[in-house]
Undergrad: 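Mind having a look at this structure? Questions to follow.
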Amino acid sequence: MILHTVNKSPLNSPCLNSCLRTIAQNDALLLIEDGVYGAVEHFSALLVSIPEGVPVFVLQADLLARGLQERLNPSVQVVDDEGFVDLCCQYSKTQSWY
């Protein structure tokens, strides 16, 4: 069980695509910093490749800082900083994509 964190925008980095090629069932994806751009509806096609049942999260502070809350893909769950810590504790490993 791996928590994958992506902090780069899919507009200018292959990090999210690389992550999505390796993510597996029982893993989770957390989009942080500029990675939150991957959670907007415009990039919904990218998230289709995620195995069924793999949750996708976005860090609330980063989403709000970029003004993207109204454009969020409805399948993405928003977590606050405490939720981020909880996810890190819930998954046995964390893989950062940067």
Side-chain angles (χ1 to χ4, degrees):
M1 292 179 38
I2 300 172
L3 174 63
H4 298 267
T5 62
V6 176
N7 73 338
K8 302 290 184 205
S9 169
L11 292 169
N12 57 13
S13 171
C15 291
L16 181 57
N17 283 327
S18 297
C19 171
L20 295 176
R21 283 194 297 272
T22 65
I23 203 164
Q25 287 187 336
N26 298 321
D27 290 351
L29 173 61
L30 174 62
L31 301 169
I32 61 173
E33 299 171 7
D34 282 344
V36 299
Y37 286 101
V40 299
E41 290 182 297
H42 177 77
F43 291 105
S44 293
L46 291 175
L47 300 181
V48 170
S49 65
I50 295 176
E52 188 174 330
V54 172
V56 179
F57 301 95
V58 63
L59 191 59
Q60 182 179 40
D62 294 332
L63 184 70
L64 294 174
R66 288 154 182 83
L68 299 174
Q69 61 274 14
E70 300 299 323
R71 298 173 50 202
L72 185 64
N73 180 317
S75 68
V76 176
Q77 301 172 56
V78 179
V79 296
D80 58 12
D81 290 338
E82 186 177 322
F84 187 174
V85 173
D86 290 342
L87 288 171
C88 291
C89 293
Q90 181 181 346
Y91 289 85
S92 58
K93 297 179 185 177
T94 301
Q95 172 67 51
S96 298
W97 297 84
Y98 52 91

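Excluded from the calculations below are hydrogen atoms, water molecules and symmetry mates; all remaining heavy atoms, backbone and side chain alike, are included.
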Undergrad: When rounded to the nearest 0.5 angstrom, what distance separates CD in Gln25 from CD1 in Ile50?
TA: 12.5 Å
Undergrad: Please report the shortest heavy-atom distance between Val54 and Asp27, naming the atom on each side.
TA: CG1-O, 3.3 Å
Undergrad: Is it the case that the side chain of Thr22 and the backbone of Cys19 share a donor-acceptor pair, with hydrogens and angles ignored and the cut-off at 3.5 Å?
TA: yes
Undergrad: Which value, rounded to the nearest 0.5 Å, describes the distance between Leu47 atom CG and Glu41 atom CD?
TA: 11.0 Å
Undergrad: To the nearest 0.5 Å, how far apart are SG in Cys15 and CG in Asn7?
TA: 7.0 Å
Undergrad: Find out if a path of hydrophobic residues (ILVMFWY) with successive side-chain heavy-atom gaps under 4.5 Å connects Val6 to Phe57.
TA: no
Undergrad: Roughly how far, to the nearest 0.5 Å, is the OG atom of Ser9 from the CZ atom of Phe43?
TA: 5.5 Å
Undergrad: Look at the side-chain heavy atoms of Ile, Leu, Val, Met, Phe, Trp and Tyr, link any pair under 4.5 Å apart, and say whether Tyr37 and Leu30 land in one connected group.
TA: no
Undergrad: Please check if Val58 and Leu64 belong to a single hydrophobic cluster, counting links between Ile, Leu, Val, Met, Phe, Trp and Tyr side chain heavy atoms closer than 4.5 Å.
TA: no
Undergrad: Less than 3.5 Å apart, which donor and acceptor atoms pair up between the side chains of residues 74-85 and the rest of the protein, not counting sequence neighbours?
TA:
{"residue": "Ser75", "atom": "OG", "partner": "Asn73", "partner atom": "OD1", "Å": "2.7"}
{"residue": "Asp80", "atom": "OD1", "partner": "Glu82", "partner atom": "N", "Å": "3.2"}
{"residue": "Asp80", "atom": "OD1", "partner": "Gly83", "partner atom": "N", "Å": "2.8"}

Undergrad: Indicate yes or no: at least one non-hydrogen side-chain atom of Cys88 is less than 4.5 angstrom from one of Leu3.
TA: yes
Undergrad: Do Leu59 and Glu33 have side chains that get closer than 4.5 Å, going by heavy atoms?
TA: no
Undergrad: State, with a plain yes or no, whether a side-chain heavy atom of Leu16 is found less than 4.5 Å away from one of Leu31.
TA: yes
Undergrad: Keeping Asn17 on the side-chain end and Pro14 on the backbone end, is there a donor-acceptor pair under 3.5 Å?
TA: no
Undergrad: Determine, using the 4.5 Å side-chain heavy-atom cutoff (strictly less than), whether Leu63 and Ile32 are members of one ILVMFWY cluster.
TA: no
Undergrad: Membership question, hydrophobic clusters at under 4.5 Å side-chain separation (ILVMFWY): are Leu46 and Val36 in the same one?
TA: yes
Undergrad: Enumerate, atom names and distances included, each donor-acceptor pair closer than 3.5 Å involving a side-chain atom of residues 89-98, sequence neighbours excluded.
TA:
{"residue": "Ser92", "atom": "OG", "partner": "Met1", "partner atom": "O", "Å": "3.0"}
{"residue": "Ser96", "atom": "OG", "partner": "Thr5", "partner atom": "OG1", "Å": "3.2"}
{"residue": "Trp97", "atom": "NE1", "partner": "His4", "partner atom": "ND1", "Å": "3.0"}

